[in-house]
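All of these numbers come straight from a predicted model, not from anything done at the bench. So that the names make sense, note that chain A is the first sequence line, chain B the second, and so on, each numbered from 1.
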Protein chains: 2
Amino acid sequence: MNAPRHNADSHRRGRPPSTSARELERAALRLFTEQGFDDTTVEDIAAAAGVSRRTFFRYFDTKTAVLWHQFDGEVQRLRAAFDAVPARTSLMDAIREVVVHVNHYRAEDVPELRARMQLISTVPALQASAGPHYDAWERAVSDFAASRLGQRPDTLYPLAIGRTTLAACRAAFDQWIATADTDLTTYLDLALQALANGFEGERTGQASRRVRSRRRC
Amino acid sequence: MNAPRHNADSHRRGRPPSTSARELERAALRLFTEQGFDDTTVEDIAAAAGVSRRTFFRYFDTKTAVLWHQFDGEVQRLRAAFDAVPARTSLMDAIREVVVHVNHYRAEDVPELRARMQLISTVPALQASAGPHYDAWERAVSDFAASRLGQRPDTLYPLAIGRTTLAACRAAFDQWIATADTDLTTYLDLALQALANGFEGERTGQASRRVRSRRRC
DNA sequence: GGGATATCCGGCACTGAGTGCCGAATAGGC
DNA sequence: GCCTATTCGGCACTCAGTGCCGGATATCCC
């Protein structure tokens, strides 16, 4: 991702960028929803943003990457939130609280979030492109778990915690997309509670009477 | 996957296939390890198997799919094993036992398995192609969990169980690839035990004293 | 034996993603 | 006005993936 350096620094040297990653993302999202992902070429997206095809690939490595822009940015917020979590909070509680906190969206941002996730969870080419983006997200969780467990981030348990956390969140995302009835964070909290409980007692589907802070008995 | 129908039926009607998915897979695996994934074209693979480029795409939809052939086949064995598991075994125990059982490989198959997983876990283009193949695997677990929980397979908990199960297994796979010290099933059992325990008490990394069948206390 | 039929293969042309290269355009610094 | 830094646009190229069609090779049936 060697995108142009448009860091709000008004006195840069060279030619000013004629677009932005955000602008390309909006154009792509609109075209993808209007006429489908496969029937939209990179040429179309670039033209809609007023730049050339070649310039699109200076902002994003692939056609699919344009839809992962916001998701990739979330990784930074995830790491910041992990750094701010108090040490007394237990590992799985901390993960749940951080993930839920990071996924609070302003009401005006929700429609775009839904549109993006709708595409990601339905278009095969977009599902297929998820891997590298998920990896960075998982690693943020794995690094936190590793620091708590006193183990290296690439060992079994930190790795497993990072990946299962994302897996549970993806189930919550999909459920939110499919039903559209309540807040995203509700599903995230449910899924991460179930994960921390080892999926015990999910037989009823009644989450409200699940024990929040289960301790040694 | 509209591959030729070479179902061991010796008296088919038309022209016999001049290669097989398995043969193409072996050629691809050899070339990928020898000269790298990106530096191997589909033309190269087809030539190594003695067929044309066009024919390769009759056996596999994409260049990456050739390495997922065995993995896709495992899904069938997974479903069969789930059908055979006794009803008295608890949900998460059943999942762990089935997954571990399906992943017992003969010693002579291990080197090829390692080579394939080595590629999958290192080459970005292959990681990126994992999505659809993982989905089918996850769905097999989700369907089983749904039948046990009395819920639909596309609801939150079955979905979460299917995805977190694969996530834990992938952590085990990666650990096995990285260390190469013990059997794959050892790591799988560890990771799925940890998942069923909600990742409690993983601080020590000592798995042997974890309680196997933890029940209500 | 010989046609009818079924299946697979090879080749060609085409679209579109992604890349390397280079010169042009537009800014600030001196 | 010249130098430098940065972005942009265009061109040419490789390669993945697809649609199409004729040819090759098998079995079936008469």
Legend entry - Which residues share a ring pair (Phe, Tyr, Trp, His ring centres under 6.0 Å) with F56(A), sequence neighbours left out: F60(A)
Inset, instruction - Indicate yes or no: does R26(B) engage E112(B) in a salt bridge with an N to O separation below 4.0 Å. - result: no
Legend entry - ring pair (Phe, Tyr, Trp, His ring centres under 6.0 Å) against W176(B), all qualifying residues, sequence neighbours excluded: none
Kindly give the atom pairs (protein nitrogen or oxygen, nucleotide nitrogen or oxygen) under 3.5 Å for nucleotides 3-6 of chain C.
unit_1, atom_1, unit_2, atom_2, d
dT5(C), O2, R13(B), NH1, 3.1

Inset, instruction - Examine distances only and state if a side-chain atom of Q127(A) and a backbone atom of S121(A) form a donor-acceptor pair shorter than 3.5 Å. - result: yes
Inset, instruction - May I ask you to decide if the ring planes of W68(B) and Y134(B) are parallel, tilted or perpendicular, using 30° and 60° as cut-offs? - result: perpendicular
Inset, instruction - Could you tell me the separation between the CD atom of E43(B) and the P atom of dT14(D), rounded to a whole number of Å? - result: 13 Å
Inset, instruction - Flag the pair E43(A) and R54(A) as a salt bridge only when some basic side-chain nitrogen lies within less than 4.0 angstrom of an acidic carboxylate oxygen. - result: no
Inset, instruction - Between P16(B) and T41(B), just flag the one whose closest nucleotide in DNA chain D comes earlier from the 5' side. - result: T41(B)
Legend entry - Side-chain donor-acceptor pair present, Y187(B), T179(B), cut-off under 3.5 Å: yes
Legend entry - Atom-pair distance (CG on D61(A); C1' on dA17(C)), nearest Å: 12 Å
Legend entry - Out of dC9(C), dA17(C), dT26(C), whichever nucleotide has its closest atom nearest the side chain of K63(A): dA17(C)
Inset, instruction - Pull out every residue in residues 24-38 of chain B that has a heavy atom closer than 4.0 Å to any atom of DNA chain D, ordered by number, or say none. - result: none
Legend entry - Between P of dC21(C) and CZ of F57(A), the distance in whole Å: 17 Å
Legend entry - Partners passing side chain to side chain contact (heavy atoms under 4.5 Å, CB included) against S18(B) (at least two apart in sequence or in another chain): V51(B)
Legend entry - Contact list for DNA chain D against residues 47-56 of chain B - heavy-atom distance below 4.0 Å: R53(B), R54(B)
Legend entry - Value in whole Å for how far the C1' atom of dA17(C) lies from OH of Y59(A): 20 Å
Legend entry - No-hydrogen, no-angle side-chain donor-acceptor test under 3.5 Å, T186(B) and D183(B): no
Inset, instruction - Please confirm whether the backbone N or O of P158(B) pairs with a side-chain atom of S142(B), one donor and one acceptor, at under 3.5 Å? - result: yes
Legend entry - Distance, rounded to the nearest Å, where F60(B) contributes CZ and dA16(D) contributes C1': 16 Å
Legend entry - Within 45° cone of F57(A) ring axis and under 6.0 Å: K63(A) NZ or CZ: no
Inset, instruction - Measure from CZ on R58(A) to C1' on dA17(C) and round the result to the nearest Å. - result: 16 Å
